[in-house]
Structures are given as structure tokens and as C-alpha cells.
Protein chains: 2
Amino acid sequence: MSDDGARKTPDRLRRRASRLLSQLTMRSDRLINEGLARADGRKWHYAVLASLQEYGPGSQAELSRRSGIYRSDMVGVVKELAERDLVERVPDPDDRRRNVITISVRGRRRLRHLDRILDDLHDELLAPLSTAERDQFLQLLTRLLDHHTRAS
Amino acid sequence: MSDDGARKTPDRLRRRASRLLSQLTMRSDRLINEGLARADGRKWHYAVLASLQEYGPGSQAELSRRSGIYRSDMVGVVKELAERDLVERVPDPDDRRRNVITISVRGRRRLRHLDRILDDLHDELLAPLSTAERDQFLQLLTRLLDHHTRAS
DNA sequence: GTACATCGTTAGTGGGACTAACGCAACGGA
DNA sequence: TCCGTTGCGTTAGTCCCACTAACGATGTAC
């Protein structure tokens, strides 16, 4: 950003929800990415590990669907996770197109770790809000997102 | 996105404010960009025109600071606006490093037009929320953004 | 068997934030 | 008056991310 100091951001801009969202998301993404990076973590790793933990093993394509990561990008994510022994990738004997991805013990431990890191980072992200306000914020975001997800 | 149908998005993911923000912002950006594109408009055009309207003429560097657009990107934006006769770009006689950018009559009309378009698009974006909830949402976003802007 | 869909993979697109470095002009001291 | 610093506009290029296209191999349906 470069609009520090004499903040002359026009009102029209400052008031638009779309702009508030992009700006805040930019900061939020930076905060989370940097926070995770400090622990050699990435958002995508977290997403995949969480998906494996909550819904069990699955093919890359299925992980894709669960996590919203494109299957073209999933290749690299799974590779990185496998390199770190957080996940096992085994060809599916029943369907030779598929790899079955399974979370490892290290993977579960790692997920717990990332969860703690994310808790802290979100505390920082939502710092100015009270507990009630945080809930409200989440609720509003969820309703909006749900609305635009169904509509898509 | 690709997580339609059987929504198996893990809870951990669905609940994180950071993720809600990115996802919603992605939809929001698409909505706004496509809406503006239908009228041959762009976010950046709006930002610059709004800044000129509210604070008067300025150099490209100053517009940069007002709008948060990088001065390297401002070059192209001003060029596009000038091509459409929405602004005038004149060398500053008092400081030969500068161009003075001024909004034209067409520019003002265009800004009003874009404002109407954006009003509609934001109505769509915030559709599921009541008026009170929209205010609250904006207020929460603003507080969060302010907090993370000062801290930067 | 033949058409079609799905899987993993590679490559590449397009947009947006952001950096580096340039030549030029202005400003602020010694 | 020269000199270092700062600000300007511009060009080029980086990185990240969502997303598309196309591929060969495999599975499924008719």
C-alpha cells in the first residue's frame, strides 16, 4: 500500500463493501501467509490436511473438490506434503487412474500445529473485535458467501 | 470454484475468517469486475475518477497515493482514461516532472454512471443482508481495515 | 465396442500487487 | 554553485493465484 500519511482516500472508495473486502483480504492473506511461512506452512497444505482429517483418505480429485484447490494445483500440493511425510500417496488398486492420499501421523500432528498457529493469527486479524462481534462478523460473512455460492 | 454439489468442505476451513474473506472477496471481485466490464469500466478507472472528483486535479503520483494504485500501474490507467476523454493530462508548468491530471465533463458523467452501476452491484453483493446488517458489516470491515492499516 | 467421463499431470493465461531501475527535474544544504 | 537527495513518470519484470486447455491412461454406460 502507499496511502499512508495524509489519507486522502475518497469517500466513494472507502465506503464500498467490495473495496473494503479486497483491502482487508489483502492484509489478511498477507498476515496468514507470512505467519504460516514462518513455520514452513502454506494455506493449501492446511486445507488438504484438514480435509483428510475430517473426511478421511481420498483421491487428488476428491481433495480438490473438498478444498476448492484446482486439481492442476493439487499435484504440487500433494507432492510437497508427501515430501514432508505428512501424507502418503498410493496408487488405488481398484481404480488405476487414482492415487489414494492418506494423512500420516506426522500429518495429524502438523495439522494440530497449524491449527494453533492459525488461531493466533486470527486473533491478530480480528483483534479490534469483541467475541460477540467476531461471531457476528463470521455469521455475516458466511451468509454472504453461502448466498453467492448457491447462486453460482 | 469446484466444490459444488456434495459440499464436503471441512469445518476447519469453513469457519476461518481468513478463508471466508478470501472466498467472498473472490466472488465480490468477479461480480464487480464483470459488472463494470459490461459497461467498459474498470475498478481502477473508478478509483481515479472518484479521487479527482473529490480532491481535484493532481499529479499521477498523488493519484497513486489517494487511490492505492501503484504509480507503475497508474501510467496505464491514466492513458486509458485519457484515450476515452475522461481526463486531461497536461504537463505541470510549475514542476516539469509532473503531469497534472484533470477530470473532464465526460469524466464526471462517467463517474456518476459508474456509481449507479456500483450501487446496483453492491445491492447484489449484499442481497442477503438487511439494511441494518449491511451497515454493521461495513462498520466491522472498516474497523478491521483501519486497525490493520495503522499497524502497517 | 464405441462413446463418453474421470483422473493425474503439464503447460500456460490473465490479473493484480509489488519491485527495480531508468532519466529527468526539483529541493536543500554546504 | 555544485552535490546529494528526493520525487516524478515510465518501462520492465517478478510473484502469486485462480483458472483453462489439452494430454494419455483408465474406467463406465449403452
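- What separates CD of A:Glu34 from P of D:dC15 is a distance of 16 Å, to the nearest Å.
- When every heavy atom of A:Ile117 is checked against every heavy atom of A:Gly35, the shortest pair comes out as CG2-O, 4.2 Å.
- Scanning both residues, A:Leu144 and B:Leu125, for their nearest heavy atoms gives CD2-O, 3.3 Å.
- One can place CG of A:Leu21 at 14 Å from P of C:dA17, the figure rounded to the nearest angstrom.
- Within 4.0 Å (heavy atoms only), B:Ser59 reaches sugar-phosphate atoms of the nucleic acid but no base atom.
- Rounded to whole Å, the distance from CD1 on B:Ile69 to P on C:dG16 is 10 Å.
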| request: Begin from the C-alpha positions of A:Arg16 and B:Asp119 and carry the test salt bridge (charged side-chain N to carboxylate O under 4.0 Å, His left out) through to its verdict. | output: CA-CA 9 Å; A:Arg16 293 284 183 193; B:Asp119 284 344; 2.9 Å; yes
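- Salt bridge status for B:Glu133 with A:Arg143: present, with a side-chain N to carboxylate O gap under 4.0 Å.
- Once rounded to the nearest 0.5 Å, the distance linking CD of A:Gln23 with OG1 of B:Thr25 reads 10.5 Å.
- Distance CD (A:Glu80) to P (D:dC16): 11 Å, rounded to an integer number of Å.
- Between the P atom of D:dC19 and the CG atom of B:Asn33 lies a distance of 13 Å, rounded to the nearest Å.
- Listed by residue number, A:Trp44 are the residues of residues 38-51 of chain A with a heavy-atom contact under 4.0 Å to DNA chain D.
- Using a 4.0 Å cut-off between charged side-chain N and carboxylate O, B:Asp123 and B:Arg134 make a salt bridge.
- If you check residues 88-102 of chain A against DNA chain D, the residues with a heavy atom closer than 4.0 Å are A:Asp95, A:Arg96, A:Arg97, listed by number.
- Remark: B:Tyr70 is in phosphate contact with C:dC18, judged by side-chain N or O atoms under 4.0 Å from OP1 or OP2.
- The salt bridge (charged side-chain N to carboxylate O under 4.0 Å, His left out) check on A:Arg108 picks up nothing, with sequence neighbours excluded.
- One can place CZ of B:Arg71 at 12 Å from P of C:dA20, the figure rounded to the nearest angstrom.
- Judged by distance alone, the side chain of B:Ser104 and the main-chain N or O of B:Asp85 form a donor-acceptor pair under 3.5 Å.
- Rounded to a whole Å, the CG atom of A:Asp29 is 11 Å from the P atom of C:dC18.
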Requested in this report: Report the C-alpha distance between A:Arg12 and B:Leu111 in whole Å, list the side-chain angles of each, state the deciding distance to 0.1 Å, and finish with yes or no for side chain to side chain contact (heavy atoms under 4.5 Å, CB included).
Outcome: CA-CA 10 Å; A:Arg12 279 177 159 84; B:Leu111 178 60; 3.8 Å; yes
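- Atom CG of A:Asp73 and atom P of C:dA11 are 14 Å apart (whole Å).
- Remark: B:Gln60 is in phosphate contact with D:dT10, judged by side-chain N or O atoms under 4.0 Å from OP1 or OP2.
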